[in-house]
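All remarks here apply to the structure that follows.
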Amino acid sequence: MWGDIAIAFMLAFITTFVITPYTIKLAQKLGAVDTPKDERRVNTVTMPRLGGLAIIAGFVVSIVYLLIILNIENSLNIFEDNMYIKLIGFFIGGLIIASVCFVDDLKDLPPLVKLAAQILAAVIVVACGLKINNINIPFFDKIGLPNAFAIILTIGWIVGVTNAINLIDGLDGLSSGIALISCVSMLIIFAINGSPIIAILLITALAGAISGFLPFNFNPAKTFMGDAGSNFLGYCLSVISIFGVAKTYTLVVVVAPLIVLGLPVVDTIVAIFRRIIKGKSIKAIMQADKGHLHHRLLKMGFSQREAVLIMYAITAALGLFAIVLLESGIWKAISFLILVVAIIAIGYKNFEKERS
């Protein structure tokens with residue numbers, strides 16, 4: 001298994017790392033660039049924004065290769081439990097999101113068009129049989145979720161996480177770095193939980209693809225991943241997390257991916273309420289603003305790199321909390337989190353004194 005995991009990571013990493021410079025040239029040729037045309041944008045120079053294509057290529061090459069090889073070796077049976085149908089749904093959904101968002105990177109599509117693509121992709125995933133049907137809660141019997149509720153919950157999760165990763169993509173390396181930390185956290189959670197090998201390979205390949213792109217995206221960035229990249233990452237994280245909990249539907253296992261992705265998810269939920277209150281209309285949800293956490297950190301005087309590293313640290317802490325919660329229980333997880341918060345508070349106070 002470890003050899004397959006190493007292949008999943010390295011093949012995705014190498015493919016993405018090699019292809020990214022070509023996506024920069026392609027973006028410049030097609031005019032798919034991000035220009036600092038309003039105050040909401042942080043970048044001060046025109047930036048190519050098709051780097052997500054390299055991430056997608058690295059991920060797909062790695063997974064398709066492994067699926068072929070492992071089936072030839074008979075070490076993975078994709079026909080068991082209709083896994084091949086679920087994978088087909090996963091890839092079709094990813095293709096829809098990547099295609100629509102690629103066009104958006106070229107021509108700036110209306111937000112509702114992208115939302116429709118996300119919903120369609122999520123519906124296809126559910127139609128192919130991938131959803132959470134029941135949950136085991138400690139001291140209670142297994143709770144079977146009504147089919148309609150399970151469908152709505154799954155679609156909401158996929159669309160929500162997809163948008164969360166997309167909306168947090170506002171600083172050099174922010175979205176890609178948070179996605180990478182989330183991948184590593186989920187990989188550990190899957191390993192502890194004894195999740196299906198396909199989930200482990202998928203999350204590892206995604207981590208490899210992001211790692212190959214991050215050197216070009218971290219501050220000062222040479223390219224952006226664009227909507228195609230950020231939406232694809234959010235979609236993959238949401239669907240792979242469902243693959244990972246498909247074997248054991250315990251409450252902690254189901255909640256763990258939500259904790260890992262807590263920062264972008266909470267930031268998105270706050271943004272929704274903030275925009276509704278400010279715009280006094282549901283339509284205001286689609287109106288971009290500068291109220292996200294990374295914008296607030298910049299207003300506090302932190303540099304781009306400092307703001308990104310702070311949000312990396314928060315994501316890593318949440319990931320570790322989820323891992324400790326799953327393996328050691330709630331009390332150790334809470335005590336760990338309290339200690340981390342206390343240390344950060346002390347460090348932040350000293351940091352503020354040095355800055356003043």
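Predicted model, so just to flag it, every value in this text is computed and none were measured. When reading the values below, keep in mind they use all heavy atoms of this one structure, side chains included, and skip hydrogens, waters and symmetry mates.
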*Can you measure from CG (D105) to CZ (F102) and round to the nearest 0.5 angstrom?*
8.0 Å
_Trace of the side chain to side chain contact (heavy atoms under 4.5 Å, CB included) decision for K131 with I242_ = CA-CA 7 Å; K131 62 181 185 292; I242 301 174; 5.8 Å; no
*asked:* Counting only heavy atoms from other residues, nucleotides and ligands, does the tally under 6.0 Å from CZ of F13 exceed 12?
replied: yes
*Please name the residue in the list D267, L263, L261 that meets the side chain to side chain contact (heavy atoms under 4.5 Å, CB included) test with V265.*
L261
*How far apart are the closest heavy atoms of L233 and A179, and which atoms are they?*
CD1-CB, 4.0 Å
*asked:* Please determine whether side chain to side chain contact (heavy atoms under 4.5 Å, CB included) holds for the pair L66 and L11, giving the CA-CA distance in whole Å, both sets of side-chain angles, and the decisive distance to 0.1 Å.
replied: CA-CA 10 Å; L66 280 169; L11 190 54; 6.0 Å; no
*For the side chain to side chain contact (heavy atoms under 4.5 Å, CB included) test, which of L174, V260, I178, I168 pairs with T315?*
I178
*asked:* Would the distance check show the side chain of D104 and the main-chain N or O of L109 forming a donor-acceptor pair, the cut-off being under 3.5 Å?
replied: yes
*What pair of heavy atoms forms the shortest contact from T16 to A209, and how long is it?*
CG2-O, 3.2 Å
*asked:* Can you tell me if E327 has over 12 outside heavy atoms packed within less than 6.0 Å of its CD?
replied: no
*Grab the two heavy atoms, one from A117 and one from V100, that are nearest each other, plus how far apart they are.*
CB-CG2, 3.8 Å
*Which heavy atom of L130 sits nearest a heavy atom of V239, and at what distance?*
CD2-CG1, 3.5 Å
*Just do the side chain to side chain contact (heavy atoms under 4.5 Å, CB included) check on N231 and Q118 with the steps written out, would you?*
CA-CA 8 Å; N231 279 267; Q118 295 165 359; 2.7 Å; yes
*Out of curiosity, N77 CG to N71 CG, how far, rounded to the nearest 0.5 Å?*
7.0 Å
*asked:* Tell me if the OH atom of Y312 is crowded by more than 12 foreign heavy atoms within 6.0 Å.
replied: yes
*asked:* Is it true that, when you exclude E73 itself, more than 12 heavy atoms of the residues, nucleotides or ligands shown sit nearer than 6.0 Å to its CD?
replied: yes
*Of I5, D4, I7, which meets side chain to side chain contact (heavy atoms under 4.5 Å, CB included) against T204?*
I5
*About how many Å separate CD1 of I259 and CG of L337, when rounded to the nearest 0.5 Å?*
9.5 Å
*asked:* Please determine whether side chain to side chain contact (heavy atoms under 4.5 Å, CB included) holds for the pair L171 and L298, giving the CA-CA distance in whole Å, both sets of side-chain angles, and the decisive distance to 0.1 Å.
replied: CA-CA 10 Å; L171 299 179; L298 293 178; 3.6 Å; yes
*asked:* Measuring from atom CD1 of I210 to atom SG of C183, what distance do you get when rounded to the nearest 0.5 angstrom?
replied: 4.0 Å
*Would you name the heavy atoms of S62 and A205 that are closest together and state the gap between them?*
OG-CB, 3.7 Å
*Measure the spacing between CD1 of I192 and CG of L187 and express it to the nearest 0.5 Å.*
10.0 Å
*Pick one: which of N82, I92, L67 meets side chain to side chain contact (heavy atoms under 4.5 Å, CB included) with L87?*
L67
*To the nearest 0.5 Å, tell me how far L309 CG sits from L297 CG.*
11.0 Å
Expected list for residues 211-228: side-chain donor-acceptor pairs under 3.5 angstrom, two or more places apart:
| from | atom 1 | to | atom 2 | distance (Å) |
| --- | --- | --- | --- | --- |
| S211 | OG | A207 | O | 2.8 |
| N217 | OD1 | G173 | N | 3.2 |
| N217 | OD1 | S176 | OG | 2.8 |
| N217 | ND2 | T223 | O | 2.9 |
| N219 | ND2 | D172 | OD2 | 3.0 |
| T223 | OG1 | P48 | O | 3.1 |
| D227 | OD2 | K114 | NZ | 2.8 |

*Provide the closest heavy-atom pair for A54 versus T20 in the form atom of the first, atom of the second, distance.*
CB-OG1, 3.3 Å
*Is the Y235 to F90 ring centre distance short of 6.0 Å?*
yes
_Flag side-chain contact, heavy atom, 4.5 Å: F243 against F190_ = no
